[in-house]
Amino acid sequence: MFDAEVARVFPDMISRSVPGYAAIINMIELLTRMHAQPGTRLYDLGCSLGAASLAMARGLQHPDCPIIAVDNAPAMLERARAHARGLAHEIAFRQADIREVTIENASVVVLNFTLQFLPPADRSGLLRGIREGLAPGGILILSEKIAGETPEEDAVLVEMHHAFKRQQGYSELEISQKRAALERVLSPERLSTHRERLERVGFSRADVWFRCFNFVSIVARK
Ligand code: GEK
């Protein structure tokens, strides 16, 4: 699914299909600056080409914080490693399924549009593991495409998202077919479902800090 061709067009594809993607990446830098603690780890789960990992590296003010970036698509990791070459702060890229990764002593964990690709039944387990691996004061940044709370709200949000994609010249592009294929394997959930699950697995707060149409980003605290 996330093959060499998707990896090649990925930056263009994601910024044309996720409204606010660039703003979210920028704010991951800021949220890292605010929350990274000396001697802890940072994780980017489902890192693709490493845009969020690079933002975390820019935001970090402590040299002793390893950044661990995980993806299970070799084509993505190959490009991600090339992008990160020569960086002052090294990023450890790992090819693995994010469901198999043990999160330990983490101050910032990023799931930037990745949870949506896991089968819904696997989502609680992953989030519980993240919560257990967070150090006191640690945060999870969770960005997702969401479904509306009602069919009516969903229709309004989808209409706006499609207008955004047209504005981005999306239908003219060959990559629109790739995107459509990806979106068929993506299962968005309602914002209320995300909130309830985060609470159920033990996060004490979940605050939406970004929203545009049916795309949100949440900061969840231990
Ligand atoms: C960004 N965070 O640019 N284990 C590991 N990786 C996975 C798994 C899994 N089980 N499932 C999917 N992936 C990035 C964008 S893209 C979002 C994330 C999108 C990986 C998959 O290989 C892909 O690279 C990524 O999750 C999702 O900030 O394409 O809409």
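Please read all numbers here as calculations on a predicted model, not as lab measurements. Order of appearance sets the numbers: ligands from 1, and atoms from 1 within every ligand. Only this structure's heavy atoms are used, side chains among them; waters, hydrogens and symmetry mates stay out.
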Next on the checklist: Tell me every residue that passes side chain to side chain donor-acceptor pair (under 3.5 Å) with Thr32, counting only those two or more places apart in sequence or in another chain.
Outcome noted: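 Residues passing side chain to side chain donor-acceptor pair (under 3.5 Å) with Thr32: none at all.
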Checklist entry - Taking only residues two or more places apart in sequence or in another chain, which ones pass salt bridge (charged side-chain N to carboxylate O under 4.0 Å, His left out) with Arg94? => result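 Scan of Arg94 (salt bridge (charged side-chain N to carboxylate O under 4.0 Å, His left out), adjacent residues dropped) gives none.
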Next on the checklist: Are Leu49 and Met76 packed together at the side-chain level, in the sense that at least one heavy-atom pair is separated by less than 4.5 angstrom?
Outcome noted: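 The answer is yes; the side chains approach within 4.5 Å.
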Checklist entry - Is a donor on one side and an acceptor on the other found under 3.5 Å between the side chain of Asp64 and the backbone of Gly39? => result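 Side chain of Asp64 to backbone of Gly39: a pair is present.
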Item to check | Name of the residue among Gln116, Lys145, Arg123 meeting side-chain hydrogen bond (donor to acceptor under 3.5 Å, both in side chains) with Glu189 | outcome: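 Only one option passes, and that is Arg123.
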I'd like the atom pairs linking ligand 1 to the protein - N or O on both sides, separation under 3.5 Å - with distances to 0.1 Å.
residue  : atom   : partner : partner atom : Å
ligand 1 : 2 (N)  : Gly46   : O            : 2.8
ligand 1 : 2 (N)  : Asn112  : O            : 2.9
ligand 1 : 3 (O)  : Tyr21   : OH           : 2.5
ligand 1 : 4 (N)  : Asn72   : ND2          : 3.4
ligand 1 : 4 (N)  : Ile98   : N            : 3.0
ligand 1 : 6 (N)  : Asn72   : N            : 3.3
ligand 1 : 6 (N)  : Asn72   : OD1          : 3.3
ligand 1 : 10 (N) : Asp97   : OD1          : 3.2
ligand 1 : 22 (O) : Asp71   : OD1          : 2.6
ligand 1 : 24 (O) : Ser48   : OG           : 2.7
ligand 1 : 24 (O) : Asp71   : OD1          : 3.4
ligand 1 : 24 (O) : Asp71   : OD2          : 2.7
ligand 1 : 28 (O) : Asn112  : ND2          : 2.9
ligand 1 : 30 (O) : Arg179  : NH1          : 3.4
ligand 1 : 30 (O) : Arg179  : NH2          : 3.0

Checklist entry - Can you list the other members of the hydrophobic cluster that holds Val156, where links are side-chain heavy atoms under 4.5 angstrom apart? => result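 Same cluster as Val156: Leu157, Met160, Phe164, Phe213.
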